[in-house]
Amino acid sequence: MPTHDWKKSSWHSFVAQQQPNWPTGPVFDDTLKTLSQLPPLVFAGECQTLKASLAEAVEGKAFVLQCGDCAEDFSRCTGPDIRELLKVILQMSVVLAFAGEKKVIKIGRIAGQYAKPRSSDTELVNGLELPSYRGDMVNSPEPTLEARTPDPRRMLEGYYRSAATLNLVRSFTLGGYAALERVQAWHRASLDALPAGQKYEDLVRQIWKTINFMSAIGLDPQHVPQLNQVTLYTSHEALLLDYEQALTRMDSISGGWYDTSGHMLWIGDRTRQLDGAHVEFLRGIQNPLGMKIGPKYDIDDIKRIIERLSPDNEPGRLTLITRFGVAKIEECLPPLVRELTREGYKVVWSCDPMHGNTYQNQFGQKTRNFEVVLQEIRSFYQIHRAEGTVPGGVHLELTGDNVTECTGGSRQLMDQHLHQNYQTNCDPRLNAEQGVELAFELADLLHPHQ
């Protein structure tokens with residue numbers, strides 16, 4: 001279906017899954033009108049640069065590190081929270097870049113990941129049927145009818161908090177906070193904190209040796225932009241189509257339509273219907289796109305969606321984010337890889353090892369196990385290497401906070417420890433230590449000589 005017949009409002013003619021039951025009236029209409037007149041959060045040129053980098057990942061010349069909160073929380077849109085998440089992403093990216101000897105494309109689940117899909121419009125809370133919590137851009141998690149009633153003004157609040165987040169991220173990444181020497185000092189502190197820190201000493205020592213060598217030959221990291229600045233792209237699930245439409249603008253230079261709410265948008269496993277509103281909307285925007293694929297996929301359906309979203313088979317346009325779970329990846333991934341490779345689709349293959357490995361413990365908490373997450377990533381790599389294809393990246397849910405939401409890791413967190421700092425209103429996230437530890441473990445898989 002060519003994009004010349006597309007309008008940013010054409011999705012209204014299709015069935016839209018996972019949309020809130022917004023109240024009709026002037027508040028809803030005025031909110032969308034205001035959003036449509038506000039400045040863009042990101043720019044077309046930035047999206048084009050990201051797409052070009054992702055094209056390198058298709059060929060194995062770059063690696064995609066996409067990570068951040070399951071669903072952002074308005075209350076955690078603070079300087080310290082944003083700083084600590086950025087700190088973890090930077091630490092992980094340096095380890096991966098050094099080990100893999102290739103560029104790491106850093107994409108945060110940040111500055112817009114304020115909505116979440118749900119299996120039902122309502123849920124029972126203490127015997128009371130309430131609208132489901134759909135993320136802070138829709139309603140509030142407090143178990144009252146007033147808090148749970150969708151409020152369109154929250155979309156406007158989400159825009160402003162996304163803008164504030166982006167402003168701080170850009171200041172940090174360009175203002176010296178991301179300097180390589182600073183990141184390495186963080187690694188030193190991380191190793192001192194990890195019980196198994198000695199395991200990673202050699203890699204950190206090699207990185208320090210490289211920094212010292214550069215300084216010795218006159219490449220002062222403080223005065224070399226490539227060592228003192230980084231680019232962090234933003235991404236979120238394009239779930240609330242009214243919000244996404246309001247922020248979609250035509251680029252005056254290229255003439256293409258861009259969703260300026262984020263650099264990269266992805267479509268969820270629950271909303272990727274070929275004849276659905278989300279596919280219709282996303283096919284017309286020029287941003288790089290992601291698509292989640294769970295174990296119940298139909299391979300012919302996946303092929304049709306790929307052709308709809310990326311009709312020109314442009315490298316960097318589409319990232320396939322597989323979320324099978326460790327128990328099903330050996331069954332689900334190989335036939336998908338073989339068929340799409342046979343068709344010649346130029347896509348980035350990314351592994352989401354989080355969503356297929358969630359379970360509820362005996363205390364009623366949703367959690368994930370660090371070792372199981374790592375095992376799915378290892379299987380992902382083994383399968384791609386066996387098929388002769390490129391494992392292009394990982395898609396993780398993590399936070400810079402010292403939460404206790406996922407079990408395992410060097411500290412051997414167990415179910416009975418999770419109550420200590422279980423904060424999420426959505427899915428369980430790796431904490432800062434677990435994120436950095438995962439990067440060190442990934443280094444073994446990325447090393448070109450492995």
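By convention here, the first residue in the shown sequence is residue 1.
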*asked:* Go through it in stages, so that I can follow the logic: the residues are M155 and W22, the test is side-chain contact (heavy atoms from CB on, under 4.5 Å), and I'd like the CA-CA distance, side-chain angles, deciding distance and then a yes or no.
replied: CA-CA 11 Å; M155 289 190 283; W22 297 115; 3.9 Å; yes
Salt bridge or not for [X] and [Y], using N-O below 4.0 Å?
X	Y	value
E314	K346	no
R170	E46	yes
E441	R378	yes
R429	E405	yes
R304	E307	no
D427	R368	yes
E72	R76	no

Partner of [X] under side chain to side chain contact (heavy atoms under 4.5 Å, CB included), chosen from [options]:
X	options	answer
E387	T341, V337, L336	V337
M92	L90, V88, I89, V95	V88
M354	L398, L396, V372	L396

Considering all heavy atoms, the nearest [X]-[Y] contact:
X	Y	result
A57	V390	O-CG1, 3.7 Å
L232	G108	CD1-N, 3.7 Å
P428	Y422	CB-OH, 4.5 Å
A16	W11	CB-CZ3, 4.2 Å

Which word best sums up how the rings of H395 and W266 line up, parallel for under 30°, tilted for 30 to 60°, or perpendicular for over 60°?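 Taking W266 first and then H395, their aromatic rings stand perpendicular (interplane angle over 60°).
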Kindly assign one of parallel, tilted or perpendicular to the pair H263 and Y233, based on the angle between their ring planes and the thresholds 30° and 60°.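 If you compare the ring of H263 with that of Y233, the planes turn out perpendicular.
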Quick one: does [X]'s side chain get under 4.5 Å of [Y]'s, heavy atoms only?
X	Y	answer
V42	T234	yes
E376	N357	yes
I321	I293	no
E157	M137	no
T399	E84	no
R323	P295	no
F14	L241	no
Y160	C77	no

[X] side, atom [atom1]; [Y] side, atom [atom2] - distance, nearest 0.5 Å:
X	Y	atom1	atom2	value
L38	L156	CG	CG	6.5 Å
Q19	Y243	CD	OH	14.0 Å
D275	D301	CG	CG	8.5 Å
E244	N287	CD	CG	9.0 Å
I329	F380	CD1	CZ	7.0 Å
I82	T165	CD1	OG1	4.0 Å

Check the pair Q434 / L413 against side-chain contact (heavy atoms from CB on, under 4.5 Å), numbers first and verdict last. CA-CA 10 Å; Q434 290 168 328; L413 289 176; 4.0 Å; yes
Has [X] got a side-chain atom pairing as donor or acceptor with [Y]'s backbone, closer than 3.5 angstrom?
X	Y	answer
T260	F43	no
S310	D312	no
K106	V104	yes
R109	C70	yes
T271	I267	no
D259	S261	yes
S162	A111	yes
S53	I105	no
W6	I285	no
K8	T248	yes

| said: Tell me if the NZ atom of K102 is crowded by more than 12 foreign heavy atoms within 6.0 Å. | reply: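 Atom NZ in K102 is crowded, with more than 12 foreign heavy atoms closer than 6.0 Å.
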- Can you check side-chain contact (heavy atoms from CB on, under 4.5 Å) on Y297 and D269, steps first, answer last? CA-CA 9 Å; Y297 71 85; D269 194 45; 5.8 Å; no
Assess the side chains of [X] and [Y]: does a donor N or O sit below 3.5 Å from an acceptor N or O?
X	Y	answer
T404	N421	no
Q66	S350	no
H12	E280	no

* **Stepwise side-chain contact (heavy atoms from CB on, under 4.5 Å) check, Y258 with M250** => CA-CA 6 Å; Y258 286 84; M250 179 173 283; over 6 Å; no
- Task: Assess whether side-chain hydrogen bond (donor to acceptor under 3.5 Å, both in side chains) is satisfied between H278 and Q18, documenting all intermediate values.
- Result: CA-CA 10 Å; H278 289 83; Q18 295 291 334; over 6 Å; no
Margin query: The test is side-chain hydrogen bond (donor to acceptor under 3.5 Å, both in side chains); show your working for Q286 and S254 and say whether it passes.
Written below: CA-CA 10 Å; Q286 301 304 304; S254 68; over 6 Å; no
Give the C-alpha distance, both sets of side-chain angles, the deciding distance and a yes or no for salt bridge (Lys or Arg N to Asp or Glu O under 4.0 Å) between K328 and E331. CA-CA 5 Å; K328 296 182 179 179; E331 172 191 351; over 6 Å; no
